[in-house]
Amino acid sequence: MNNLLTNEVEMLNTHTSLKTGLQIEPLTDLQQIIDQSNSTKFDTSVKMSKLVLKSFKYFKSDVCKDVLEEEGITWGVEEYSQKVFGWNKSFFYKMVKLGNTPTRHINKFNREVDRMKQEGTPVVRSVENCLKFVK
């Protein structure tokens with residue numbers, strides 16, 4: 001409904017049967033739920049990325065290397081990301097980058113997504129899009 005002209009909004013408000021037939025309100029409600037869940041998923045990914053970064057720093061530490069070596073385990077980054085997180089190395093490194101991203105940049109990204117959505121531009125709030133924005 002963000003893309004409607006003033007006369008189109010008036011028409012839908014005047015002709016409730018048209019508004020009902022086009023399923024405007026249920027569609028708008030569901031779109032808001034999708035937007036909120038997307039935002040919640042992104043916020044959770046941001047929190048997780050901070051833990052991923054801590055985990056990765058530990059993985060690279062001498063203490064961790066020594067324990068793994070004592071146990072006869074030789075993990076490279078690819079094995080570590082797959083076995084610990086279930087992610088391919090590419091996505092793992094995106095999460096590490098997000099974990100290193102200052103909160104002010106993430107907040108700026110969120111504000112920009114909100115602004116674009118208010119203007120009617122569909123934007124997905126995601127790890128990939130945030131990293132593109134920050135870059």
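FYI, side chains are in, hydrogens and waters are out, and symmetry mates aren't considered; it's all heavy atoms of this structure.
Residues satisfying the side chain to side chain contact (heavy atoms under 4.5 Å, CB included) test with K83, not counting sequence neighbours, are W75, E79. Residues meeting the side chain to side chain donor-acceptor pair (under 3.5 Å) test with E128, sequence neighbours left out: none. Under the side chain to side chain donor-acceptor pair (under 3.5 Å) criterion, S45 pairs with no residue at all, not counting sequence neighbours. Legend: residues meeting side chain to side chain donor-acceptor pair (under 3.5 Å) with D114, ordered by chain and number and at least two apart, are R125. By the side chain to side chain contact (heavy atoms under 4.5 Å, CB included) test, S90 pairs with N88, K94, sequence neighbours left out. For the ring pair (Phe, Tyr, Trp, His ring centres under 6.0 Å) test, residues two or more places apart in sequence or in another chain that qualify with W87 are F85, F91. R104 is linked by a side chain to side chain contact (heavy atoms under 4.5 Å, CB included) to P102, counting only residues two or more places apart in sequence or in another chain. With sequence neighbours left out, the side chain to side chain contact (heavy atoms under 4.5 Å, CB included) criterion links P122 to no other residue.
With contacts defined as side-chain heavy-atom distances shorter than 4.5 Å, the pair F92/V84 does not qualify.
With values rounded to the nearest 0.5 angstrom, E10 atom CD is found 10.5 Å from H15 atom NE2. Here the CD1-OG distance, from I106 to S49, works out to 6.0 Å after rounding to the nearest 0.5 Å. Within the model, atoms CE of M48 and CG of L98 stand 11.5 Å from one another, a figure rounded to the nearest 0.5 Å.
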Tell me, with the steps shown, if V96 and V52 meet side-chain contact (heavy atoms from CB on, under 4.5 Å). CA-CA 6 Å; V96 170; V52 170; 4.0 Å; yes
Verdict with reasoning, K108 to E112, per salt bridge (Lys or Arg N to Asp or Glu O under 4.0 Å)
CA-CA 6 Å; K108 189 174 180 181; E112 183 64 14; over 6 Å; no
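Applying the ring-ring contact (aromatic ring centres under 6.0 Å, His included) test to residues at least two apart or on different chains, the pairs with a partner in residues 96-127 are F42-F109, F109-F133. Listed by first then second residue, pairs satisfying side-chain hydrogen bond (donor to acceptor under 3.5 Å, both in side chains) with a partner in residues 51-71 read S55-Y80, not counting sequence neighbours.
The shortest heavy-atom contact between K50 and G99 is NZ-O, 3.2 Å.
Other residues sharing the hydrophobic cluster of L51, ordered by chain and number and joined by side-chain separations under 4.5 Å: none, the residue standing alone.
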